[in-house]
Every structure is written in structure tokens, then in C-alpha cells.
Amino acid sequence: MPVMQYIEAVRETLRSEMRRDPNVFIMGEDVGKRGGVFRATQGLIDEFGEERVIDTPLTESAIVGVGIGAALYGMRPVCEIQFADFIWPAMNQIISEAARFRYRSYGTWFVPMVIRAPYGGGVHGGLYHSQSVEAHFAHSPGLKIVAPSTPGDVAGLLRAAIRDDDPVLFFEHKGLYRAVKGEVPEGDYVIPIGKADVKRDGRDITVFSYGKALHFCLEAAQMVAAEGIDAMVVDLRSLRPLDEETILNAAARTGKVLIVHEDNAFMGIGAEVAALIAEKVLFELDAPILRLCGPEVPAMPYSPPLEKWYMLSPEKVAAKMRELAAF
Amino acid sequence: MPVMQYIEAVRETLRSEMRRDPNVFIMGEDVGKRGGVFRATQGLIDEFGEERVIDTPLTESAIVGVGIGAALYGMRPVCEIQFADFIWPAMNQIISEAARFRYRSYGTWFVPMVIRAPYGGGVHGGLYHSQSVEAHFAHSPGLKIVAPSTPGDVAGLLRAAIRDDDPVLFFEHKGLYRAVKGEVPEGDYVIPIGKADVKRDGRDITVFSYGKALHFCLEAAQMVAAEGIDAMVVDLRSLRPLDEETILNAAARTGKVLIVHEDNAFMGIGAEVAALIAEKVLFELDAPILRLCGPEVPAMPYSPPLEKWYMLSPEKVAAKMRELAAF
Amino acid sequence: MATQTRNRHQELGLSDEQMLEIYRYMLLTRRIDERLWLLQRSGKIPFVISAQGQEGAQVGAAYALVRGKDWLAPYYRDLGKVLVMGMTPREVFLAAFAKQGDPSSNGRQMAHHWGHRRWNIISGSSPVATQVLHAVGVALAAKMKGHDIVVMTSLGEGSSNQGDFHEGLNFAGVHKLPCIIHVQNNEYAISVPLKKQLACENVADRAPGYGMPGVVVDGSDVLAVYAAFREAVDRARRGEGPTLIESKCVRLTPHSSDDDDRTYRPREEIERARQRDPITRTRAYLYEVGLLDEEREQALEVEIRREIDEAQEYAEAQPYEPVETAMRHVYKEA
Amino acid sequence: MATQTRNRHQELGLSDEQMLEIYRYMLLTRRIDERLWLLQRSGKIPFVISAQGQEGAQVGAAYALVRGKDWLAPYYRDLGKVLVMGMTPREVFLAAFAKQGDPSSNGRQMAHHWGHRRWNIISGSSPVATQVLHAVGVALAAKMKGHDIVVMTSLGEGSSNQGDFHEGLNFAGVHKLPCIIHVQNNEYAISVPLKKQLACENVADRAPGYGMPGVVVDGSDVLAVYAAFREAVDRARRGEGPTLIESKCVRLTPHSSDDDDRTYRPREEIERARQRDPITRTRAYLYEVGLLDEEREQALEVEIRREIDEAQEYAEAQPYEPVETAMRHVYKEA
Ligand SMILES: Cc1ncc(C[n+]2csc(CCOP(=O)(O)OP(=O)(O)O)c2C)c(N)n1
Ligand SMILES: Cc1ncc(C[n+]2csc(CCOP(=O)(O)OP(=O)(O)O)c2C)c(N)n1
Ligand SMILES: [Mg+2]
Ligand SMILES: [Mg+2]
């Protein structure tokens, strides 16, 4: 199995899907000759031409809205939002339009579209190049939301997203682009959207996470293992729908639940995971459901000490794991 | 104490605050001679003139963005979004701008602004005139979110919102505008934002709700009281911040918690309330934390049977109360 | 038939039959619209929003498209357009009553939120101007696929101030896409009069900023409208790109059945607006060129009334969608 | 001083001292900008985004405002403007190093997100074009209060395609607000060249659609810029409303320190752009009119270098904001 970077998995999956289906095309800001500001689409314009790798004007609402129109006509646009932080001008098109075409037309119109957006911090991005935005969208029926943590998951889930007949928001943690390498199965590798993945089994505590924080959890699990705490680490991967079955089984298995994400806690994904568990398997619990998340400030500050203060780390996660295990 | 309709409480509070402070002004679509499509601002243009009751072009992003600018200059704009459903074009201005000015400028710039928006269904509004949008905003630090259920609370909280030095989203359930009457204390009546209100005390189960659903809960409490179930009904009122203390005390008091809102469940306000309880007072619970919410469809359908299917009712709430009490 | 040899519709290449068809669509639009108000006022349907005063603009525009081939991203007033494109009066009434079989949404959406897969009428929503981007996207896709279709979208002049209008026209201009953006300027956005909505004289004055022609046309003159759109359609099919067309219209009713325009609209102004009624004007033309006389007009009215009666009756008799289907079509079904 | 009697700055009512001050601001902007790149390339600061090539447009524009009275909603390249409005080099370096005391954000925001309460410089964010609406709002408030201030905002030509630009200009036009929208057209939005961004020749061509004058000016000619802005400022103060001014500029650097422009920008094009360097051009003018010679120029460079050295040193020596303050100012403090 080839080993590649997270961002290579994005690029190579785009490439293979564009080769496979002439309806797949890319549009976004600087995706062409520049290959994207992170180079996720680098070289694709050379292979597929500027008709299928479209540098759009600087207009997120149009990127999504025009994508919707193209999807209605039978294309499969993969729209790039340069930074997740800049997705808000497209909110109306995503929430009011993409998410509702199928329902409002009783299934006669639908929007097979992917919206890719790099999110997350720890990259000196300050308030507007570090945000996690997934929670704002996960509330909306009609959307699917994916946030992979490994190159393999990127490939399998991005392929699934492109082939999906409904709009999928595909969030790529920019802090993982070049930091994480991993195996990517060759060929037609598809991971169904809606399945969580137990990235580490364990008997003492259950930790739910996704994105970059998932890696902190795995590292932290190593750290506390030495102290005799055996942590199960579940990668949610799909944020809407959540994989209820895996989540409830994992919670019940240890009776002790910690949810970890970079995004702030209040109304974050962790709230729904906690609520789900508290509704469906409350009597299996031996401890309060803990959350370890970003702080309640409007976004990640810029100066190095403040950014570090904001970001999670294996140490912070390990400390919380110990707290939970002690119950 | 004068008795008035919910919508009259909106109008009269606006009037009294505009009389008190020349910096308070209104802007929005059709707020002038038309007095708003619901007539919430009726007559205000006659008293304050079209300079202070501004009919804007049909542009939500501008309504909020221009409001922000005016607030930066020292005004206190009360911006009306005609229907909460149409707030999305202003998402960027609300999330990226209004919510962050204070933090990003270390307190030197700030935005004393109120955004009023009628929300909620049961009024033959279909997919785009019925939505609950509060959950999408409640995730954002920097914003305050208020959703009153009675004329008295409207008056006290709207006054607080206008005097607040930070941006407040003020959601008015349009189904209550003329359906609910109540006493409104005279004079300088202010309810601090961030305080929940126990609208009915009870010993057997605790129900959290807000908006129109709150009234269903009160009616349902009456219904089940006859069967010997004594329900405590807490009106959250302020959705960000939530009143942790009142919520945790109320949950602990009965050990049985039901959360009811019209908005769909997944990532709704109820998720955060449940997560909070499951984290802070889990060991006080005698039953799973239940949620009774709108279904997971993109929005409320139009045809009468489908709308009825979507909406909550005292009967539906009472049935869920019984289920909870039976644990 | 005693028509004059030189008349305006023949100059435009329209046969007498086509001219009559155009008028028939306009009248059908008006009469359905009036019926909907009656039904609303008698409590049989919850809501109506009118095409009245804009039938010339709508029918003239849509008549320049090819039904079943070209695409339409309409707005709520576009009753005239959707009829020309293929929607039937039955289907209109099904939507009005929110009954089963309504092709727009099967009762999910408020009436007047048109959509029809069969006729390439893209499902519309309530937030204004979003459809402009969808139309542009369809045009982009068609261009990529090498299909020579034309996409038309409509919106009001108030809605032309929304960001999506700007972004959509700019995108269409940059990519020279085969689409026509039709602004139906009826001088009001609910209660807000033109001068509080925009500071330019014509919405079409914005076209140069998007590198496309901007055309102003009298929306009460159906033939002028048709001519303007036919030219834009030809231009689009030749690959020369988009056109912005503004038709100056009047709104003969309140904004919708939820509105009461007495606080903001002087009665004399409405009277003046009636002078610009496109139906009256086209009718006069037909009399002038001898395509209509009292007898033929009477027959046409009777025929239309029957069609409407039948359609209404049919729709009223249909069941509502059962609630068992309420959770369907949130996502693709397995 | 051996100046000619007739020269362009005097025709504009600018004294020799003012003309020299203008040049000094331009040069200061350039030298600070160059220093920031050095610091970035040597790993001392994480990020820089340049004003290089736009100093004439920025200084000429801001010089037409009244410091401490008028307002500015800048964008990230506006180093030249914020210096003219009152920000000091020390403050610029504090922001670059994200150190305590940075008046823009005290280390919260990325550098180049200018803000300064004392000088009416409104705090900016990263999402482009949002500031246009803030500027319009300030102008609305000032008009309501009867203050005769002028508000200026800046953005790039790529950003002029955003919905907020459209909504903002329309609002300003309808209400005839005292503001100036300054589009600094440097022919690129990161890697996207003009012809993929917009289909009109000039962004200023959009002004008629908002009922305001649209002015195109050579951004490398600081006096032409100043003249255009002074007229717009006068117009605004007379209550005649907003103006859209587009200055044609060049971008002499990659988009930012995160960018590498080699894949998308031919080297010869950059060489051509250098011919339009506003610094070279203004310097030549000063030599021509006798306000500068080698000696005086040398002295100016030394003085500016010293100022920059001192400012950088000062900023570097400041502490970071302590993390204890990280939760402050989310909401008003009690
Ligand atoms: C984004 C958005 N904001 C507000 C509304 C409420 N609304 C519906 S129609 C309308 C006025 C539209 O005016 P115009 O564009 O001129 O079209 P007209 O109805 O006059 O044909 C308004 C404000 C809406 N539908 N969408
Ligand atoms: C809403 C939004 N989308 C994308 C970006 C990323 N971005 C930053 S600058 C820029 C290009 C801006 O080009 P232009 O407006 O011409 O200004 P210039 O940088 O050339 O001065 C882009 C795409 C952003 N900041 N905001
Ligand atoms: Mg109109
Ligand atoms: Mg540029």
C-alpha cells in the first residue's frame, strides 16, 4: 500500500475521481495554476485543463451557488473554500439551498456536491485562519459532514463524498496536511460516510475525537497506558450523520467517556455526542461525561503563547484522561 | 401592571428605549411605513422619523454590517431581519465581525447592537418562514442569544439587549406575537441576560424549554399534574450564555430531565443542556436525559398535515413527560 | 383572417397563432392569479403572491425560450413563465392547495415556489436572489458539456441589491455563460419604493460592471419584451455570453396576501399603475390588428375559465401527502 | 529652495513641506515593508503581506483625510494609509511580532490586521470586503449625528466581487453617505489575474450602478491620487455622497510571505510592473522640482532607517501578552 501525506491523499483522490468521471470538476480560489494555497490541487490543472480546474472570482457564495447549479445539471463539483474561516458568505447557499433541494422538491432535484475546506489551528493563523466551523453546519439535516484524520480516511471518505448524491462538507485539518503520513489502499477505496472508526481499543475509558485532536488522543493514550490506563480512542470521522451504534457501544464498553475536540465546547460536536450517550446508555455510565475542547473565545489568537494556550496537546488530553479514569 | 401582547411588548420596549436614548435606532426591511411585516415597529416611524426608523435595501448582510459600523461609531442599532430564515446572508457579518470586534481589538472596539428576528413555525410558513436558527449561532463566543416566551420577558430582555454593549441576537417566536398576552412591568424593567426562569416548580421531573414550546410544556404540565406527575418547567430564555446554575439545580432537584424545543434535536440547544448536565450532575440523575424536538428534516413542511406532524404540541410533550416520569 | 399585413408581431417573425398563444398565456396567468386571490380570501388556501402587472414581461420572456430544452430558475411571481415552460394549471392549483402530486414540492413548500424537473424549472426557495447563482451554474455546466441551452433566471429589482446577484452576474460575465438575468422591476420591494432600494436609474445600468449588455424594456409591452429576450437568447446560443434585461413593470396587487399596502402606497399611484396593465395593452393590440373581437375574446375567456375551474376542482379533490412520507428525501433513498 | 514656480503639487495647493511629507510616508511604508520581509525570511516573524507598489495610492488617498477626525476601514495592505492616519512604526512592529501593546489587537490577530481606536482606524478582519459595510455604517451614524467626517475604506479589485461590496455601495448610494470606497487594483487576487476575476474594464465602471461617481486614477502617481481623493472628500463633506475610486496599481511582491508567485506570474511581467513603482516615480518628480537631491535623499534614508531600527528593536524587546489575559474581552468586562 502506498504511503502518502494527508494532503497527497486529497490530491490523488481528486485526480483519480476526475479520471474516472468526466462530470467531476474543481472550482475555487487559486485552485488552478497556484494549485491551491496549500497545494492540494497542485498539478491537476495540467492534467485536466482550466475548464475542469476553475479559478473562480473571490466569491464564496458564488463558488457554492454556481456549484449547486452545476450539480443540478448533472455535474459533480468539488468546491474549495480556501480556508474554512471564509465559508460564512456561502452559508445561505449551503444551508438554505444545497441542504434543501432534495427535500423541498420531493427528491426530484438534488445536489451531488462536495465542499472542501481546510480548518483548524496551530499554524499561526490567528482568528481567521484557524477556525473549526463544523459545528455550525452539523445541525442541518440535508448535509453530510466529514472530518478525516488520516490519509487513508481522507482517500476513502473523499471518494465516498464525491460519489455521494447529496452535498458533503469535507473538512481537512490543515495542521495534518504535511504532518501526517499513512497508508492509502490502492484502487477504488471507499469508506462509507457515517461510520466511526475505533483507532485504538481499550477497556478503561472511551475517548471520542476527530481531526488533529484525534492524534493527540492517540499519543495521550500511549502516555497513560504506561500508567495502567487503557484508553479506547474512537475517531468520529463522520460528524453528520454520527455513527450512533459505534458511539453507544464504545461508551458502554468502558462506562467512562471523554470527548475531545479543538473547536470550543459550547454547542460543539461533543455536546451532541454527550447528549446521545446521556439519552441512550446513561445507565451504563460510571462517570460524568467529560469534554476537553477549545476555550470559549471567538477564535484562536495569533501570538505564539496565546495560540499554544488555545490548542490542545497530548499532555492536556492525558491529564484529562487521568481525571476520568480516577472516577 | 399593563397587560399586552408579545408583539406589543416588542414595540413598546423599542419605543421607550428610543425615547430614552437618541442613539437607539431601527433598521431593516419594511420597518418604516409598513411597520414591519408583522407590525412589530408599527407607528414608530411616525414618532421618530425615517432617520431613526430606516427602510433598508433588501440586503441582510448590509443590515447587519452597516449596523456594526454605526455601533462602532457609538450608535445602538436595532436591526430587524424580516424572518430568521433570511439571516444566513448576514452570517459572515455576525460570526466573523460582530462577535469578534471586542476580542480581536482587545476591547477597544465593540458592537452594541441588537439583531431582532422572528423565528419558529406553525404559521403556514413552509420551509423558509418557519425556521429556528438559534442553534447555529449559539456556538459562537462573543454573541449573546435570547429567546423569550412571554411579553414580560420580551420587555425585560429586549431592554437589556439594547443596553448591552455586546451584540445580542433577539429571537421572537412569531407564533407567540398575537397568541400570548401577559403582564409587563412598567418603567425601567430590565431582566439580566443569562438568567433562566423557573416558570413552574415541580418535584417529579424537570423540563427545560424556551419559546413557543415552553407554553406547550406548561400546558402539558397541567395535563400530567392531574395524573400525579409534578413537573418543573424551566424557561431557558437566554441560550448563550446558558444559566448553568439554575439548570444544574433544576436537574438535580428531580433527577429526571426532559428538554423540549421546536428546533431539530441534533446539535440543537438541547444537546448542550444535556451535555452540561451529564458533565456536572450526572450522579444526581435517575433517568436518561430525554429530548423532544423537531424532526431531522431540513425544515418545516407547508401542507397542514405535514406542518402539524412537525410541530410539537401539549399532547406530544405530555406523552414524553409520562415516559420520563415512569423511569 | 383580416389581419393587417404589417404589424409588430409579424415583424418579429411571430405568426398570428403565436401572437394569440402569447396573449392566451398572459390571460391564463391573470385569471389563475385572480382565482387564487378569491380562494385565499375565502380561506381555502393560505397564501398567494401575484404575477399581476408582470404577465407581459413574463410571457414575452419565456416565449423566447425553447420548452423542454432551455432552463428556468424562476422566482415566486413567475406564474406566467412557468406556464409557458410547461407547467399546467392543475399543477399550479395542486401547489396552491399543497396537495399530493404538486410537482414543485409535493406540499413541502409554500405555493409559488415553482419547480418542475420535467420542464427544467429549477426548484426555488424563499431567500431572494439565490437562484441567480444556480442559473449561472447550470449555464456553466451546459457550456462544459457543450450543450447549446440557454438558462433564464428572474428576480425583483429589490432583490438585485443582494450580494448573490452581484456575484452571479460577475461569474457569468467572466465565463461568458449562456444565461439571461431578468429583473422584473415593479417599483416596490414589499413596501420599500425604488428610491430607497437603489440609487441608479435602471438596474440594467449595472450590466457594464459585469461586462455584459444591459437592456431596459417596457414590461407592459409583451412584444418589446419578446424581442429583447430573443436577441439575448440568440446571443447566448452563439456563445457570446449573458445579458441582463430589466423590464419596467407594475405591481397591481399588494405584495402578497399577507400584505396590506394602504399604509405605504397612495391609491392614485395604483390607479396610474393600472394604465400600464400589460393585459389591457396587449388586448388593445390584438383588437387593432384584428386578431381579437368581442366574440373571440368571450370564447377565450370562457375556455380559460373552464380550464381553471377544472384544474381547481381537480386539485381540491386530491389528498394531502400522508405524514408517513414526511421524513422522505432528506437524503437519497437507498 | 530652488523649486520651480509651476509644479504639480503647488497647483494642488500642497506646500513643498507637504510634498516632502508625502514622499516621506511613501518611503517609510516601503522601508518598513522591506524590513518585514527580512524579518520573515529570517524566521523572526511568521507573516508579512505587502504594500509594495501601492504606496502612492495609499499615501495619496490618506493624505486627503484629516487625521484624528476622519475614519478609515483599512485592508491588510494599507500600511501606507495607517501610517498617515497616525499609527507609528513602533506600533507596526509590535503587531508584526504579536507583542504586548500592539494597538490593533494586542497579539490576537495576525499582523496587518490594522486597528487603532485613537486614530479612528477600525479593526479589520481577514474575510475580505466586510469592512466596506462597516465604513458605510460609520458614515450613516456620522450623518445621523450631524458630524462632518469622511470615512474611507479600502479593498482589492478581487474583493470587489464579493456581495458585501455590492450591498455596501448600494446602501451608501441610496443614503448619500459621506464615504469613499477605494479599490486598489493590483491586477491579481493572489494568483488569479484580472481577466478571471471580472469582465469589466474598470472596477470603477460599477459606480453608476450605485448612483455615485466612479473615478479611475493611476495609483503610481501620488499627486493624481491625492487630487482624486481630495475632490471626493470635498464632495462627501458637502453632503453630496459617496465616491468609488479605483487606483491602478502593481503588486511588486508575491501575494504574501506564504505565497510563491512563480507558477502563475511571468517574470517579465514583474519587470514591467517595476516600471510603475510609485516610489521611483515620486522620487523622480522630487528631483525634477528640486525638492530632493542625492544628499537630501541620503539623509532621509538614514533618518528612516534609524526610525525603523529603533521601532523594531523596541517591539522585539516587548513581552508577549501573558496567557492570563487570553479569556479577556470576549464580552464587556464588569
Ligand atoms: C433574503 C431575503 N430577505 C427577505 C425576504 C422577504 N421578502 C420576500 S419578497 C421581498 C421583496 C422583494 O422585492 P423585489 O425583489 O422587488 O421583488 P417583488 O416582490 O417586488 O417582485 C422581501 C423583502 C426574502 N424572501 N429573502
Ligand atoms: C472571504 C475571503 N475569501 C478568501 C480569502 C483569502 N484571500 C485573502 S487575500 C485574497 C485575494 C485578494 O485579492 P484582492 O482583493 O485583489 O486584494 P489584493 O490582495 O490583491 O490587494 C484571498 C483570496 C479571504 N481573505 N476572504
Ligand atoms: Mg419589486
Ligand atoms: Mg488585487
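Letters A, B, ... are given to chains in the order of the sequence lines, protein chains preceding strands, and every chain is numbered from 1.
Nearest approach of A:R291 to B:L276, heavy atoms of both residues: NH2-N, 4.0 Å. When every heavy atom of B:A274 is checked against every heavy atom of A:A275, the shortest pair comes out as CB-CB, 3.7 Å. What you find for A:F266 and B:A138 is that their closest heavy atoms are CD2-O, 3.2 Å. Of all non-hydrogen atoms in A:A287 and B:F283, the two that sit nearest each other are CA-CZ, 3.8 Å. Nearest heavy atoms, B:E279 versus A:P288: O-CB, 3.2 Å. Taking each heavy atom of B:A278 and A:A278 in turn, the nearest pair found is CB-CB, 4.0 Å.
Using a 4.5 Å cut-off between heavy atoms, B:I95 contacts chain A through its side chain alone, with no backbone atom that close. For chain B, no part of A:Y106 is nearby; none of its heavy atoms comes within less than 4.5 Å. Proximity to chain B (any heavy atom under 4.5 Å) is shown, for A:E60, by neither the backbone nor the side chain. Heavy-atom distances place no part of A:F86 under 4.5 Å from chain B, backbone and side chain included. Looking at A:I94, neither its backbone nor its side chain comes within 4.5 Å of chain B, counting heavy atoms on both sides. For a residue to count as touching a neighbouring chain, one of its non-hydrogen atoms must lie under 4.5 Å from one of that chain's; by this rule B:Q131 touches chain A with the side chain only. For B:I277, no part sits under 4.5 Å from any heavy atom of chain A, backbone or side chain. Interface remark: A:A99 contributes backbone atoms only to the contact with chain B (heavy atom separation under 4.5 Å). The parts of A:A299 that come within reach of chain B are both its backbone and its side chain, each placing non-hydrogen atoms under 4.5 angstrom from that chain. Of the atoms belonging to A:L239, it is backbone heavy atoms, and not side-chain ones, that fall under 4.5 Å from chain B.
Here the CG-CG distance, from B:L282 to A:D286, works out to 9.5 Å after rounding to the nearest 0.5 Å. Atom CD1 of A:I289 and atom CD1 of B:I289 lie 7.0 Å apart (nearest 0.5 Å).
In terms of heavy-atom pairs under 4.5 Å with chain A, the best-connected choice from B:V257, B:L290, B:N264, B:V281 is B:N264. Interface summary for chain B: among A:A90, A:P241, A:S96, the most heavy-atom pairs under 4.5 angstrom belong to A:S96. Among A:S140, A:G142, A:G270, A:P89, the residue making the largest number of heavy-atom pairs under 4.5 Å with chain B is A:P89.
Taking 4.5 Å as the limit, every side-chain heavy atom of A:E134 sits out of range of all side-chain heavy atoms of B:M267. The shortest distance between side-chain heavy atoms of A:M91 and B:H136 falls below 4.5 Å.
Other residues, nucleotides and ligands contribute more than 12 heavy atoms inside 6.0 Å of the NZ atom of A:K316.
Donor-acceptor pairing under 3.5 Å is recorded for the side chains of B:R104 and A:Y128.
Scanning for side-chain hydrogen bond (donor to acceptor under 3.5 Å, both in side chains) contacts around A:D166 gives A:R102, with sequence neighbours left out.
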